[in-house]
Amino acid sequence: MASLFAPMATYLGTLSLFGVAHVFIELRYLDAQYFSTLKQQCDASFVFWLVNLLLVIAALRCVVLLGWLPSSIGFGLELGCGLGLVLLATRVLWQQLKVGCSPERRVRFGVALALATLLVFGIMQSPITTLVLLAILHNLTPIGFLYHHPHQQRFPWLGCLFIFGLLPLLVFYGRWLGAGWYALPSMAAYVAAFVPPSIQHSQFAAPLFAAATFCQCMHYMVVIGLFSAWTPSKPESLIPWMRPPVFSLTVLLIATLFFFAFQTSFLTTRAFYSVLASLHAWVEIPLLLVLLTPKHLKDQFANK
C-alpha cells in the first residue's frame, strides 16, 4: 500500500534504512554460497576478470561522482564493462556446450548472447536508459537465486509470480487508474532511479516508479530476510568475511551512518551508495548466467 499511495516516501525511506545493509548481506551471501562452485566450474581467469571488471565499474562511478568524467561517457564505459562481464560468462557457457550440448545449456548460451547484443544496442542508443532498465530488472534477481539455492526442494513459482509479478502490476495499474490524486512530486533526480529520462514527464512515470519501488522493497525483504539466514557460517569464500555476529554489528553500524547521511543529503549520499550498489548489481549477471544450469559439473576448466 505504501508503494501505491506514497511511492516517493517509500523509496526514500526504504533505501535509507535498508539499502546499504542489503548490499553487504547480498555480497557476503553470493561469495559464501557460490565461490566454491565457481572454482569448480570455471578457470582462475574467470574470477580474476570478474573482480577486476567490477573494480573498474566502481572506479568509474567514483570518477563520475567526483566530476572528473562526464556522466554520459562514464555510463557508456560502465556498460562496456558490464558487456565484458556478460562475455566472460558467455565464454564459460561455450565451454560447457563443448562438454555436453544439452537443451538447457543451449538456452543459457542463447540468453547470454541476447543479453550481450542488447547491451551493445543500449551503449549505442542510450546508456542512461539502459542503466535505468537494468536497475529495475535488478530487483527481480532474487528469483534466480531462489531457483538456484541448493537446499531449495521445490521452487516457489507461485510465490515469485505473485510477489514479483502480479503485485507490481496491481501497483502499476492502481497508480494509473485509481490513485492519481496522490501526485508524484516533480523531483526528476529522485524519479530517475527507475524512470528513464525520456518518459519522466509522461503519464507512465508515476505508475512505473511506484511498481519499481514495490519490487525494490520485495528485493530487500528476500535479501535481508532469507539470504542472511542462508549464508553458510564457515564457507570457502573469496573475501575473508567477519564472523556472523561481528559482521551483523558492523553492517548495522555502517547502515546507521548511511541513514543519517541520507537525512542530511539524500542525493549526495545516494551517489556514494551507488558505488557499493554497482558491485552487487553487476556481479549478479554473470553469476546467474553461469550458475543457472541443471547441475553443476566439473568440465574442462577444472582440469586446466
Side-chain angles (χ1 to χ4, degrees), residues 11 14-16 18-35 38 47 49-65 71 74-89 111-112 115-116 118-119 122-123 127-146 148 164 192-196 209 212-224 226-228 238-239 251 254-255 258 269-292:
Y11 168 72
T14 54
L15 182 61
S16 301
F18 306 117
V20 172
H22 109 276
V23 168
F24 282 107
I25 290 171
E26 187 162 357
L27 283 174
R28 177 171 170 261
Y29 172 75
L30 296 177
D31 187 14
Q33 188 70 57
Y34 300 118
F35 179 67
L38 287 178
V47 176
W49 286 110
L50 177 70
V51 171
N52 279 277
L53 284 170
L54 290 173
L55 291 177
V56 171
I57 288 173
L60 284 170
R61 293 259 176 145
C62 291
V63 170
V64 172
L65 175 61
S71 59
F75 293 154
L77 292 175
E78 179 177 337
L79 286 173
C81 292
L83 175 62
L85 291 170
V86 174
L87 294 177
L88 192 63
V111 169
L115 181 56
L118 291 174
L119 284 176
I123 293 171
I128 181 60
T129 298
T130 305
L131 284 174
V132 171
L133 294 177
L134 288 173
I136 296 174
L137 293 175
H138 162 71
N139 291 321
L140 306 180
T141 54
I143 299 173
F145 292 111
L146 287 172
H148 179 267
F164 290 101
F194 295 134
V195 182
F209 184 81
T213 297
F214 175 84
C215 288
Q216 179 174 269
C217 293
M218 297 302 99
H219 181 99
Y220 290 164
M221 179 186 72
V222 173
V223 170
I224 297 175
L226 294 181
F227 290 0
S228 58
L238 178 65
I239 300 174
V251 169
I254 296 173
F258 264 85
T269 306
R270 188 181 68 177
F272 283 100
Y273 163 79
S274 72
V275 177
L276 285 173
S278 65
L279 296 174
H280 93 293
W282 278 111
V283 75
E284 292 174 340
I285 296 176
L287 288 183
L288 285 171
L289 288 173
V290 170
L291 295 172
L292 285 184

Quiz item: Just wondering, do Val222 and Phe164 contact through their side chains at under 4.5 Å, heavy atoms?
Solution: yes
Practice problem: Compare every heavy atom of Val275 with every heavy atom of Cys62, then report the nearest pair and how far apart it is. | Solution: SG-CG1, 3.8 Å
Self-check item: Between CG on residue Leu288 and CD1 on residue Ile143, distance to nearest 0.5 Å
Solution: 10.5 Å
Quiz item: Quick one: NE2 on His280 to CG on Asp31, what's the gap to the nearest 0.5 Å?
Solution: 14.5 Å
Quiz item: So do the side chains of Tyr273 and Leu15 get within less than 4.5 Å of each other, counting heavy atoms only?
Solution: yes
Quiz item: Hey, does Ile57 have a side-chain heavy atom less than 4.5 Å from the side chain of Leu279?
Solution: no
Quiz prompt | Nearest-0.5 Å distance, CD of residue Glu78 to CD1 of residue Ile123 | solution = 10.5 Å
Quiz item: Under 3.5 Å, side chain of Asn139 to main-chain N/O of Cys215, donor-acceptor pair present?
Solution: no
Exercise. Let me see the working for Leu238 and Leu38 under side-chain contact (heavy atoms from CB on, under 4.5 Å), right down to the final yes or no.
Key: CA-CA 11 Å; Leu238 178 65; Leu38 287 178; over 6 Å; no
Quiz prompt | Min side-chain heavy-atom separation Tyr29-Val223 under 4.5 Å | solution = no
Quiz item: Hey, what do you get for CG (Leu134) to OG1 (Thr141), rounding to the nearest 0.5 Å?
Solution: 11.5 Å
Self-check item: Considering all heavy atoms, the nearest Cys81-Leu60 contact
Solution: SG-CD1, 4.2 Å
Exercise. Identify the two heavy atoms, one from Leu50 and one from Pro286, that lie closest to each other, and give their separation to 0.1 Å.
Key: CD1-CG, 3.6 Å
Quiz item: How about Tyr11 and Phe209: are their ring centres within less than 6.0 Å of each other?
Solution: yes
Quiz item: What closest approach, in Å, do Phe258 and Leu276 show between heavy atoms, and which atom pair accounts for it?
Solution: CZ-CD1, 4.4 Å
Quiz item: Which class fits the ring pair His219 and His138: parallel under 30°, tilted 30 to 60°, perpendicular over 60°?
Solution: tilted
Quiz item: Minimum heavy-atom separation for Phe75 to Pro127, with atom names?
Solution: CB-CB, 3.9 Å
Quiz item: Between atom CZ of Phe145 and atom CG of Leu226, what is the distance when rounded to the nearest 0.5 Å?
Solution: 13.5 Å
Practice problem: First locate atom OG1 of Thr130, then atom CG of Leu118, and finally report the distance between them rounded to the nearest 0.5 Å. | Solution: 9.0 Å
Quiz item: Do you know the tightest heavy-atom contact between Ala193 and Ala135?
Solution: O-CB, 3.9 Å
Quiz item: With a cut-off of 6.0 Å (strictly less than), are more than 12 heavy atoms of other residues, nucleotides or ligands near CZ of Phe272?
Solution: no
Exercise. Going by the side chain to side chain contact (heavy atoms under 4.5 Å, CB included) test, name the single residue among Ile285, Leu291, Leu289 that passes it with Leu287.
Key: Leu291
